[in-house]
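Computed from heavy atoms alone, side chains included, the values below leave out hydrogens, waters and symmetry copies. The shown structure was predicted, so the numbers you read here are calculated from the model rather than taken from an experiment. First the proteins, then the strands, lettered A, B, ... as listed; each starts at 1.
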Protein chains: 2
Amino acid sequence: MTARHSDCVHCLMRGQSIFAGLSREEVCELGMDVQDIHVPAGTTIYHEGDPAQYAYTLRQGGIKLVKSLPNGHAQIVRLLHHGDLLGFEGLRTDRHRHSAITLTGTDLCRLELRALDALSQRLPAVREAIFARWQQALQEAEDRIVELGAKKADARLATFLCQWVGAYPQQRAAPFPLTRQDLGEFLGLSTEHVSRIMADLKRHRLLHEHKGQIEIPDPQNLFLYASSDGTRA
Amino acid sequence: MTARHSDCVHCLMRGQSIFAGLSREEVCELGMDVQDIHVPAGTTIYHEGDPAQYAYTLRQGGIKLVKSLPNGHAQIVRLLHHGDLLGFEGLRTDRHRHSAITLTGTDLCRLELRALDALSQRLPAVREAIFARWQQALQEAEDRIVELGAKKADARLATFLCQWVGAYPQQRAAPFPLTRQDLGEFLGLSTEHVSRIMADLKRHRLLHEHKGQIEIPDPQNLFLYASSDGTRA
DNA sequence: CGCGTGGTTGAACATGATCAAGGTCTGTGG
DNA sequence: CCACAGACCTTGATCATGTTCAACCACGCG
């Protein structure tokens, strides 16, 4: 892991960050120790239950947030993309509520929670930006509850894949660093079952996979598959 | 449905409400049109997709927040108890993201979203209080994702029942206005399956049910049942 | 090479959904 | 007061979905 002092003023992501609303001067005077860090794939950035010291912005790469059950089973609670925040629950809970594990090599900026808290008290725009993200996370979590509670395996997987590629609108083929096991832990399925459904989708030419990239030739079609009476309960 | 003007200053719930941090004088001068309303069981307070005009505080009774899938299936996203907030997503989204349906007769206070928004801009304490609830809702939603994704039916039901009675610590027996269908829509199960598991729990004397009340003689025991390798994926 | 990780496939099994029927309770109207 | 309708619950039988266990394959890497 490499770390160096970050230059927020010239940060490429400033426009989408929690500092988006601030003037150049304000950003200059954040008075915060912001670190630019890089971590390789498969690194645990923090563990569930750890005292929360830092929050992060994901600048590049993919991260999974995982919760473990006492019986040794894991559930991926959220998947983070370019631009997402993590560790901010530490503003309210003093301990991390999940483990954060990189799926790829990632670039992050790391903020001290104490300083961030103080700062966000001072600058309402920052606080608002954080809360807006929380609200969005809640919305997504509720959508996921619906997915898990009311859809069948194939429909869940199909909707998920649609959403995933939707997060990379520019490319034809989206990077896809998830293993079958990751997919299983995200969708509440066994890796074998995920594997079978993926094979099925490929057989029906609804999906292509090459070297860590996926492509959905006709999203409409896969979406139909996703909705096609994929119901339960 | 009955409605009358509310007297926030003397509200019994002021201590736990979003106005908790305010002085008596500040509450007096909220300058908001707060309505005290009562609705019978089975009423839809608002529909998913409706333009959001009001937010509510639940003073008494139970409410379910429901999302429907295109194929006519419903998922209960959250269950609200005495003291919970609803409709506040309207502060950010302009439309309600779920339907709110009463499980019992309920007392609510109704706030205008526009006025509430203005107010919360003015009084940081109010804004903070709302955000604290959002953060908590997110946490609970993530816990539910874990339940739905990583546990089996019986374990899900058992943990849910434990939590439910936990929300009524004062009484031995907790009020239980949920139908088997509600339970199914909450836990992602068919009503029949819920019925069977409930029967099983009763057979093992882990649970009693009388006239809309439930009692868990030995929560420890039911908790064991809930954790007992109730794993999946 | 030879190993390890991740992916695939098959067969047996378990869990839970679905379909169907009957039961209980409550409120309503005769 | 009784009959009846409607909602909710229960139970059984059958079927579908998804898990588990086991073997095997493909690939990247030492």
Every protein N/O lying under 3.5 Å from an N/O of nucleotides 6-10 of chain C:
{"from": "C:dG7", "atom 1": "OP2", "to": "A:R180", "atom 2": "N", "distance (Å)": "3.0"}
{"from": "C:dT8", "atom 1": "OP1", "to": "A:K202", "atom 2": "NZ", "distance (Å)": "3.4"}
{"from": "C:dT8", "atom 1": "OP2", "to": "A:R180", "atom 2": "NH1", "distance (Å)": "2.7"}
{"from": "C:dT8", "atom 1": "OP2", "to": "A:S195", "atom 2": "OG", "distance (Å)": "2.9"}
{"from": "C:dT8", "atom 1": "O5'", "to": "A:S195", "atom 2": "OG", "distance (Å)": "3.4"}
{"from": "C:dG10", "atom 1": "N7", "to": "A:R196", "atom 2": "NH1", "distance (Å)": "2.9"}
{"from": "C:dG10", "atom 1": "O6", "to": "A:R196", "atom 2": "NH2", "distance (Å)": "3.3"}

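Checking the phosphate oxygens (OP1, OP2) of D:dT20, no side-chain nitrogen or oxygen of B:K152 falls inside 4.0 Å. Note on A:K211: a side-chain N or O is less than 4.0 Å away from OP1 or OP2 of D:dG28.
B:Y168 has its ring centre no less than 6.0 Å from the ring centre of B:H82.
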Derivation of the side-chain hydrogen bond (donor to acceptor under 3.5 Å, both in side chains) call for A:D50 and A:H96: CA-CA 6 Å; A:D50 278 356; A:H96 287 297; over 6 Å; no

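Ring geometry for A:W164 against A:F160 counts as tilted: the plane angle lies between 30° and 60°, on a 0 to 90° scale.
Within the model, atoms CG of B:L183 and CZ of B:F176 stand 4.5 Å from one another, a figure rounded to the nearest 0.5 Å.
Summarising the geometry, the separation between CG on A:L187 and C1' on D:dT19 is reported as 15 Å, rounded to the nearest angstrom. Rounded to an integer number of Å, the gap from B:D154 CG to C:dA14 C1' is 12 Å. Going from atom CG of B:L207 over to atom P of D:dT10 covers 11 Å, rounded to whole Å. Atoms CG (A:L157) and P (D:dG18) sit 11 Å apart, rounded to a whole Å. Rounded to whole Å, the distance from CZ on B:R156 to C1' on C:dA17 is 13 Å. Rounded to a whole Å, the CG atom of A:D200 is 14 Å from the C1' atom of D:dG18. Straight-line distance from the CG atom of A:L183 to the P atom of D:dG18: 15 Å, rounded to whole Å.
For the pair B:R95 and B:Y46, the cation-pi criterion (under 6.0 Å, within 45° of the ring axis) is not fulfilled.
The environment of NE2 in A:H47 is sparse: at most 12 heavy-atom neighbours from other residues, nucleotides or ligands sit within 6.0 Å.
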